[in-house]
Amino acid sequence: MIDLYTWQTPNGFKVSILLEELGWDYRVHEIDIGKDEQFDPAFLKLCPNNKIPALTDSEGPDGAPIALFESGAILIYLANKAGRFISSDPIRHIEEIQWLMFQMANVGPMFGQTYHFRSKLEPEIAYARARYLRETHRLYAVMNSRLEASEYLAGPDYGVADIATWPWVSRFEWHAIAWPDYPHLRRWFDKIWARPAVKRGRAVPRVGAIWAGAFPEQSGD
Ligand SMILES: N[C@@H](CCC(=O)N[C@@H](CS)C(=O)NCC(=O)O)C(=O)O
């Protein structure tokens with residue numbers, strides 16, 4: 001049995017989307033980071049870095065249980081176990097890992113900082129706000145260029161790099177973007193959002209009022 005410890009955030013959605021794509025049974029454990037549940041000693045045993053997501057699999061490698069944290073590692077683990085959403089061809093495989101690392105090292109941290117500083121009002125952080133927003137827009141442009149040349153981020157096939165990146169772009173209303181500047185990214189975004197598994201995974205954990213699921217056009221501010 002797979003147990004997923006998660007919350008309604010982009011890093012959590014990555015794993016629930018992949019599990020929904022795989023169609024595997026899994027139990028969801030809500031870790032409300034707004035209530036600091038990520039610091040609970042029981043959760044820290046699974047993730048010493050006090051961040052969701054974490055995952056346990058009672059049937060890990062060689063049939064032994066395994067506990068994992070870091071969303072990128074969890075995606076690689078699940079995709080390898082399934083033999084899906086990551087290619088076994090050596091070149092395709094490393095391209096998938098490359099774009100997954102691009103998400104883990106760039107899109108996640110920079111978009112996260114943009115949200116953090118744009119949600120604060122103190123004037124002394126104007127520099128930080130501008131710096132991270134600029135970096136966020138640069139990353140939107142990198143993805144847009146890549147998707148002009150490629151159907152999906154890592155190549156012709158939908159895979160873990162897309163599953164890792166899509167939830168972060170789905171928070172585009174935090175990023176003051178003008179969608180007309182990124183037509184290829186928008187094409188990719190809408191195509192992935194049309195997948196039923198993505199809609200199901202984006203709604204995990206199902207707590208409180210779930211976001212309505214309609215993506216309005218955004219012209220920036
Ligand atoms: N690199 C980590 C980042 C995880 C992460 O930042 N999780 C956030 C939610 S999206 C969190 O749990 N924050 C709680 C905290 O920092 O205390 C991963 O990809 O798993």
Side-chain angles (χ1 to χ4, degrees), residues 2-22 26-57 60 66-81 85-86 96-120 125 128 132-133 135-136 139-140 142-143 153-154 159-175 192 198 200-211:
I2 288 179
D3 289 274
L4 172 62
Y5 299 78
T6 192
W7 193 240
Q8 287 182 323
T9 74
N11 287 317
F13 297 145
K14 295 173 190 178
V15 182
S16 44
I17 287 173
L18 179 54
L19 286 166
E20 293 292 337
E21 292 281 11
L22 293 171
Y26 64 103
R27 288 187 294 232
V28 175
H29 304 264
E30 293 161 10
I31 305 295
D32 185 343
I33 63 174
K35 293 184 183 157
D36 281 348
E37 289 177 2
Q38 71 275 32
F39 297 103
D40 189 291
F43 181 71
L44 288 175
K45 283 192 185 145
L46 297 176
C47 178
N49 194 31
N50 63 263
K51 291 182 193 295
I52 65 95
L55 177 140
T56 60
D57 182 359
I66 189 168
L68 292 167
F69 63 95
E70 280 297 329
S71 59
I74 295 171
L75 294 185
I76 293 169
Y77 170 75
L78 293 173
N80 280 339
K81 179 170 178 168
F85 303 109
I86 197 163
E96 193 76 52
I97 299 288
Q98 169 185 264
W99 284 98
L100 177 61
M101 294 298 147
F102 166 82
Q103 185 285 311
M104 293 296 294
N106 296 272
V107 173
M110 293 302 128
F111 287 19
Q113 294 300 329
T114 290
Y115 172 70
H116 177 82
F117 285 110
R118 291 194 84 226
S119 60
K120 307 273 181 257
I125 60 170
Y132 289 113
L133 192 57
E135 183 65 2
T136 291
L139 292 167
Y140 269 81
V142 171
M143 291 188 281
L153 282 170
V160 288
D162 303 294
I163 291 170
T165 307
W166 188 90
W168 281 99
V169 179
S170 80
R171 289 276 168 92
F172 63 84
E173 72 276 13
W174 295 349
H175 306 144
I192 294 175
V198 173
R200 291 195 301 274
R202 182 66 161 71
V204 173
R206 191 169 284 282
V207 287
I210 288 281
W211 148 89

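Sequential numbering from 1 along the given sequence is applied to the chain's residues. Computed from a prediction, not measured in an experiment: that's the story for all the values here. For ligands, and for the atoms within them, numbers begin at 1 and follow the listed sequence.
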Spell out, as yes or no, whether a donor-acceptor pair under 3.5 Å connects the side chain of [X] to the backbone of [Y].
X	Y	value
E96	A161	yes
T6	P53	no
Q8	P205	yes
Q38	N50	no

Protein heavy atom at shortest distance from [atom]:
atom	value
atom 1 (N) of ligand 1	E70 OE1, 2.8 Å
atom 9 (C) of ligand 1	T9 OG1, 3.6 Å
atom 12 (O) of ligand 1	I52 N, 2.8 Å
atom 14 (C) of ligand 1	Q38 NE2, 3.4 Å
atom 20 (O) of ligand 1	S71 N, 2.8 Å
atom 5 (C) of ligand 1	N11 ND2, 3.3 Å

Q.
Parallel, tilted or perpendicular, judged at 30° and 60°: which one describes the rings of F43 and Y5?
A. tilted
Q) side chain to side chain contact (heavy atoms under 4.5 Å, CB included) with F111: which of F172, Y132, W174, Y140? A) Y140
**Q.** Side chains of Y26 and E20, donor plus acceptor under 3.5 Å
**A.** yes
(Q) Show the atoms of ligand 1 that are less than 4.0 angstrom away from any heavy atom in P53. (A) 20 (O)
**Q.** Region of K51 engaging ligand 1 - heavy atom pairs below 4.0 Å
**A.** both
Q: Examine the proximity of ligand 1 to N50 and report which part, side chain or backbone, both or neither, has a heavy atom under 4.0 Å away.
A: both
